[in-house]
Amino acid sequence: MNILILGSGGREHSLAWAVKQNPKCDRLIIAPGNAGIAEIAECASLDIERGSAVVDFASAQSIDFVIVGPEAPLAAGVADAVRAAGILCFGPSKEAARLEASKSFTKEICDAAGAPTAAYARFTEAAPAKAYIRAQGAPIVIKADGLAAGKGVIVAMEEATALEAVDDMLGGAFGEAGAEVVIEEFMEGEEASYFLLTDGKTVLPVGTAQDHKRAYDGDAGPNTGGMGAYSPAPVLSDEVAQRALTEIVQPCVDEMARRGTPYQGVLYAGLMIQDGAPRLVEYNVRFGDPECQVLMMRLGAQALDLMQACAEGRLHEMPVHWAEDHAITVVMAAKGYPGAYEKGSTIRGLDALPEDSKNMVFHAGTTEVDGQITATGGRVLNITARGDTLSEARDRAYAMIDQIDWPEGFNRSDIGWRAL
Ligand code: AMP
Ligand code: GLY
């Protein structure tokens with residue numbers, strides 16, 4: 001099978017790593033890829049948000065299966081274009097990808113499905129939005145409806161912050177994405193992520209994870225895309241996970257099918273868990289980054305069989321062989337991230353590190369310049385390890401970090417603390 005994976009981050013490196021271990025995989029191309037991915041597969045430059053460009057490339061390269069990593073191509077309808085060209089594709093249609101691309105759409109689906117989530121109201125005008133905030137009081141959560149690169153959510157502990165957020169969003173701070181705002185009840189509890197594949201009918205859980213969103217130790221500092229993650233998430237016990245499946249995810253998947261827009265791909269359910277009861281915070285229509293890295297570490301080669309069965313609508317045939325162990329990933333980022341940071345520094349010491357089923361360095365933002373691995377992004381490397389216990393996995397990951405020589409980078413030293 002010739003496989004094309006779209007994307008360029010640590011998520012896509014881990015997908016490529018897992019897929020490549022499967023004997024079914026003949027040729028593997030990642031577009032656009034990065035320096036780490038180039039060590040295990042072919043990379044190609046391609047405008048991955050343009051369906052026709054992806055279809056032309058896939059046809060020319062005799063690609064049998066396209067796996068879409070990030071949300072932007074999905075929201076742009078790339079999976080629709082690939083399927084329309086008769087090529088198998090893992091990832092939801094543009095219409096189904098609204099589960100991430102529109103927060104008010106997700107609320108509508110939850111309402112119709114009876115799935116527990118925060119109470120909410122939606123607005124396009126500032127005056128009624130502010131009146132609603134004053135009536136509800138803080139804490140309260142203000143969200144831009146559309147995709148805002150992870151920056152469109154303000155958890156306001158004070159009423160003034162909430163009022164200001166409404167002015168910012170409706171005033172155009174996020175462009176079209178903020179033309180409508182969703183104002184939500186503040187939910188208390190512990191957050192965890194649940195990853196499920198669905199072919200539109202069958203829903204198959206493939207793992208749980210928790211991430212660390214703040215930049216610095218002790219969950220301090222600014223919000224980031226995620227500074228580390230681990231799997232499994234202890235708070236998502238079998239019982240809580242079963243409730244999340246039957247009360248939230250399956251009813252939403254059924255509602256999408258009922259509307260004639262079945263969801264096919266991975267659903268990443270962000271959950272808030274309080275007293276054993278899960279509520280939906282949000283859906284993403286892709287694997288999390290860096291959560292994917294820990295899931296792939298634990299799933300290995302079967303990830304390809306599962307994604308293929310998902311795309312072919314025969315997920316009901318598939319068992320998942322759950323690893324009993326733990327995985328962790330620690331993000332190394334460029335100093336300054338998530339604010340301004342330098343690009344172009346050299347990373348040394350990677351060659352000496354083990355790369356096997358227990359230890360992997362996934363690249364997120366790297367390129368090769370004159371034979372040297374060079375940092376090109378904010379989040380740059382994902383140091384990933386497995387172990388029989390989380391603390392064993394953590395020790396392995398930090399032992400690898402000790403061998404990496406990159407003075408311009410930093411990482412948190414406490415990934416996994418909540419579960420440890
Ligand atoms: P989102 O982009 O929807 O994942 O939101 C970013 C983060 O904001 C989430 O991971 C939560 O930590 C927080 N958040 C979002 N919605 C709520 C809510 N209704 N109550 C409490 N926290 C929330
Ligand atoms: N790590 C969070 C995300 O991928 O959205």
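These values consider heavy atoms only, across backbone and side chains, with no hydrogens, waters or symmetry-generated copies. As the structure lists them, so they are numbered: ligands from 1, and atoms in each ligand from 1.
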Tell me which protein heavy atom sits closest to atom 18 (C) of ligand 1, plus the residue, atom name and distance to 0.1 Å.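 Heavy-atom neighbour on the protein nearest atom 18 (C) of ligand 1: Val141 CG2, 3.5 Å.
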
If you count every heavy atom of other residues, nucleotides or ligands that lies below 6.0 Å from Asp388 atom CG, does the total exceed 12?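 Not more than 12 within 6.0 Å, no.
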
Please compare Glu191, Glu188, Met187 and report which has the shortest non-hydrogen distance to atom 12 (O) of ligand 1.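 That would be Glu191.
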
Hey, looking at atom 15 (C) of ligand 1, which of Lys151, Lys143, Glu282, Glu184 has the closest heavy atom?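 It is Lys143 whose heavy atom sits nearest to atom 15 (C) of ligand 1.
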
State, yes or no, whether a side-chain contact exists between Tyr341 and Glu408 at a heavy-atom distance under 4.5 Å.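 SC-SC contact between Tyr341 and Glu408 ruled out.
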
Any side-chain heavy atom of Val203 sitting closer than 4.5 Å to one from Leu267?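 With C-beta onward as the side chain, the pair stays apart.
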
Evaluate the ring planes of Phe90 and Phe287, with Trp represented by its six-membered ring, and classify them as parallel (under 30°), tilted (30 to 60°) or perpendicular (over 60°).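 The arrangement is parallel - the two ring planes meet at less than 30°.
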
Report the relative orientation of the aromatic rings in His13 and Phe362; use parallel for angles under 30°, tilted for 30 to 60°, perpendicular for over 60°.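 Rings of His13 and Phe362: perpendicular, over 60°.
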
So, regarding Val155 and ligand 1 (criterion: nitrogen or oxygen to nitrogen or oxygen, under 3.5 Å), is there a contact or not?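 For ligand 1, there is no N or O atom that lies under 3.5 Å from one belonging to Val155.
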
Below 4.0 angstrom, N of the basic side chain to O of the carboxylate: do Arg412 and Asp219 qualify?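 Yes, Arg412 and Asp219 are salt-bridged.
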
Without swapping roles, check the side chain of Ser391 against the backbone of Thr389 for a donor-acceptor pair under 3.5 Å.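 It does not hold such a pair.
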
Side chain of Asp414, backbone of Gly218: donor and acceptor closer than 3.5 Å?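 Side chain of Asp414 to backbone of Gly218, a donor-acceptor pair under 3.5 Å: yes, one is there.
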
Contact residues of ligand 2 with a heavy-atom cut-off of under 4.0 Å?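 These residues qualify: Asp211, Gly225, Tyr268, Arg286, Gly288, Asp289, Pro290, Glu291.
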
